[in-house]
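What follows is a single structure, written as structure tokens, with notes after it.
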Amino acid sequence: MLQIQQIRADKDSIIDRILKIRKLDVTSQVNEIFDLDLKKRETQKTLDDFSSKMNIISSQIGDCFKNGDVDKANNLKKETTDLKDQIKSLKNTFNSLDNLIKELLYQIPNLPHDLVPPGKTDEDNQIIYSAETKNLMNSDLLPHWDLCSKYNLIDFELGVKITGAGFPVYKGKGAILQRALIQFFLNEANQNGFQELLVPHLVNETSGYGTGQLPDKEGQMYHVENDDLYLIPTSEVPITNIYRNDIIEENNLPIKHVGYTPCFRREAGSYGKEVRGLNRLHQFDKVEIVQITHPSESYNTLDQMVNYVEGLIKKLNLPYRKLRLCGGDLGFTSALTYDLETYSVGQNKWLEVSSISNFETFQSNRLKLRYRDKNRNLQLAHTLNGSALALPRIMASLLEINQFQDGIHIPEVLKPYTGFEKI
RNA sequence: GGAGAGGUGGCAGAGUGGUAAUGCAACAGCCUGCUAAGCUGUCAACGAGCAAUCGUUGCCAGGGUUCGAGUCCCUGUCUCUCCGCCA
């Protein structure tokens, strides 16, 4: 959530920027917030004055009772009745203004960074690097779903039987390969200074708001109504929320975590070949890296994280490309996002395997995640996260590009983890 | 799931209706050959003011009673103990 101070200071440039880069018009919401904020502060001033009067009278009454001056006390009591009503109604006004402002603030997306290209759809994303794919195309190559049934690696039908579409069952070497990838990603992250966490797969409503999934993506999460808990759509939610309401000493920054969890997404509205095979699932595995940094460091950190994830893809020998997301494609909470996509030779298309974002203070403001600076003042920290990596599409690309007459060859770096060299 | 007890600042821990003691830790300043100690202040949110500063709020959350609530009442929630169930 944007800080109210930003809107007070410079609301027009916020409106401009979101319109120009994200192609989203928030004029009326921002102006309304601005006006309501004025009213809110006015209300607080009167409320404070009245409360102050009330406090003074109350303590006078206390003194009177101590001195046995009951008549005077009773007279003073009469004075308070009016005051009391006014305070009550001012408080109601204040609270409803406060809630209105919050609701509206929740609807304003993050301000895009200078590097974000303007644009509406994924066609406006900037391609920063792309592997050459011409030589890779070959109509004999099978898509991964065919490979999965040919070698009995993943059974999509079985998942339908026991749960529903989008919940595949991994079998035998398919399951082992999946586990090997997870282990590989976790070990690499550990070696790069990310502390590993194993976190809950369900979170409460507050956590959902903390990282911004709520209210923006309400319909995308599975909701357990009996206990009012949500299945996590990414481990970003539990990991970042660990630091909700926390104050971190400046010299403990940056904080670096890695976590593996399954992720659950309802993916309402998805259909057709977009959801074929491993392309889009309701439950999938992901290793996620999260960092909390000093504001002055967050963009360096973002670059490092992107480099790190690129390194993983390179070690797996997968052709990939790197995109800088345009305003329209940029997530609600993000200020700058890079996507990494690996090439699917069996489908002749790019698959998003990682999304790495800097949220600046957008999440930390909601989370009240702060650090204490050199002057002992509290400042909002910056939060970042990225997939490192999302398993299903890596699996898809990997199976497809390593298919040969004699089977599927396991990439060199994974052999120690799988214990076999070929499927 | 049933019964009981409890939730107070970074931590520890007082406080049963009069406006949050005290200790430890941390930070800043002062003081003293050095160190230790000592003294003073700070340590949450919001608002007003150029500022020193001032006001309001804050004792798990939300309501209520009262001139006044950490304290009394109601609801929720979490923790602990006992019982039940269980990998």
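Quick note on labels: first sequence line is chain A, next is B, and so on, each numbered from 1.
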Say we look at [N] and [M]: how far apart would their [atom1] atoms be, to the nearest angstrom?
N: B/rG29; M: B/rC78; atom1: P; answer: 45 Å
N: B/rG6; M: B/rC60; atom1: P; answer: 14 Å
N: B/rU53; M: B/rC39; atom1: P; answer: 23 Å
N: B/rC30; M: B/rA20; atom1: P; answer: 31 Å
N: B/rC54; M: B/rG41; atom1: P; answer: 14 Å
N: B/rG7; M: B/rG70; atom1: P; answer: 15 Å
N: B/rA3; M: B/rA87; atom1: P; answer: 25 Å
N: B/rA12; M: B/rU19; atom1: P; answer: 27 Å

Are there any protein N/O atoms within less than 3.5 Å of an N/O atom in nucleotides 25-29 of chain B, and if so, which ones and at what distance?
none

My understanding is that a pair needs two contacts under 3.5 Å, Watson-Crick or G-U wobble. By that rule, which nucleotide pairs with [N]?
N: B/rG9; answer: none
N: B/rG47; answer: B/rC54
N: B/rC80; answer: B/rG4

How about [X] and [Y]: are their ring centroids closer than 6.0 Å?
X: A/Y209; Y: A/Y106; answer: yes
X: A/F284; Y: A/F264; answer: no
X: A/H382; Y: A/Y299; answer: no
X: A/F167; Y: A/H282; answer: yes

Thinking salt bridges, do [X] and [Y] make one under a 4.0 Å N-O criterion?
X: A/K315; Y: A/E188; result: yes
X: A/D35; Y: A/K39; result: no
X: A/D246; Y: A/R370; result: no
X: A/D124; Y: A/K120; result: no
X: A/D114; Y: A/R17; result: yes

Please write out each protein N/O paired with an N/O of nucleotides 46-53 of chain B under 3.5 Å, distance rounded to 0.1 Å.
{"residue": "B/rC46", "atom": "O2'", "partner": "A/Q44", "partner atom": "OE1", "Å": "2.5"}
{"residue": "B/rC46", "atom": "O2'", "partner": "A/Q44", "partner atom": "NE2", "Å": "3.1"}
{"residue": "B/rC46", "atom": "O2", "partner": "A/Q44", "partner atom": "NE2", "Å": "2.8"}
{"residue": "B/rG47", "atom": "OP1", "partner": "A/R8", "partner atom": "NH1", "Å": "2.9"}
{"residue": "B/rG47", "atom": "OP1", "partner": "A/R8", "partner atom": "NH2", "Å": "2.6"}
{"residue": "B/rG47", "atom": "O4'", "partner": "A/Q44", "partner atom": "OE1", "Å": "3.2"}
{"residue": "B/rG47", "atom": "O4'", "partner": "A/Q44", "partner atom": "NE2", "Å": "3.4"}
{"residue": "B/rA48", "atom": "OP1", "partner": "A/R41", "partner atom": "NH1", "Å": "3.3"}

In B/S/- notation (B base, S sugar-phosphate only, - none; protein heavy atoms under 4.0 Å), nucleotides 73-78 of chain B written 5' to 3' is ------
Just how far, in rounded Å, is [atom2] of [N] from [atom1] of [X]?
X: A/N245; N: B/rG9; atom1: CG; atom2: P; value: 13 Å
X: A/L378; N: B/rG10; atom1: CG; atom2: P; value: 11 Å
X: A/K53; N: B/rU56; atom1: NZ; atom2: P; value: 13 Å
X: A/D98; N: B/rA45; atom1: CG; atom2: P; value: 15 Å
X: A/I247; N: B/rC11; atom1: CD1; atom2: C1'; value: 14 Å
X: A/E42; N: B/rU56; atom1: CD; atom2: C1'; value: 17 Å

A/H223 pairs by side chain to side chain contact (heavy atoms under 4.5 Å, CB included) with which of A/L229, A/D228, A/L231?
-> A/D228
Out of A/D25, A/L24, A/V26, which one pairs with A/R22 under the side chain to side chain contact (heavy atoms under 4.5 Å, CB included) rule?
->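 Between A/R22 and the candidates, side chain to side chain contact (heavy atoms under 4.5 Å, CB included) is satisfied uniquely by A/L24.
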Phosphate OP1/OP2 of B/rG55 contacted by A/N55 side-chain N/O (<4.0 Å) =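 Looking at the OP1 and OP2 atoms of B/rG55, neither is under 4.0 Å from any side-chain N or O of A/N55.
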Residues in side chain to side chain donor-acceptor pair (under 3.5 Å) with A/D285, at least two apart?
->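 Checked A/D285 against side chain to side chain donor-acceptor pair (under 3.5 Å); matches are A/Q178, A/Y260.
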Excluding sequence neighbours, so at least two apart, what forms side chain to side chain donor-acceptor pair (under 3.5 Å) with A/K256?
-> none
Identify each atom pair where a protein N or O and an N or O of nucleotides 59-67 of chain B are less than 3.5 Å apart, giving names and distance.
{"residue": "B/rC67", "atom": "O2'", "partner": "A/S58", "partner atom": "OG", "Å": "3.1"}

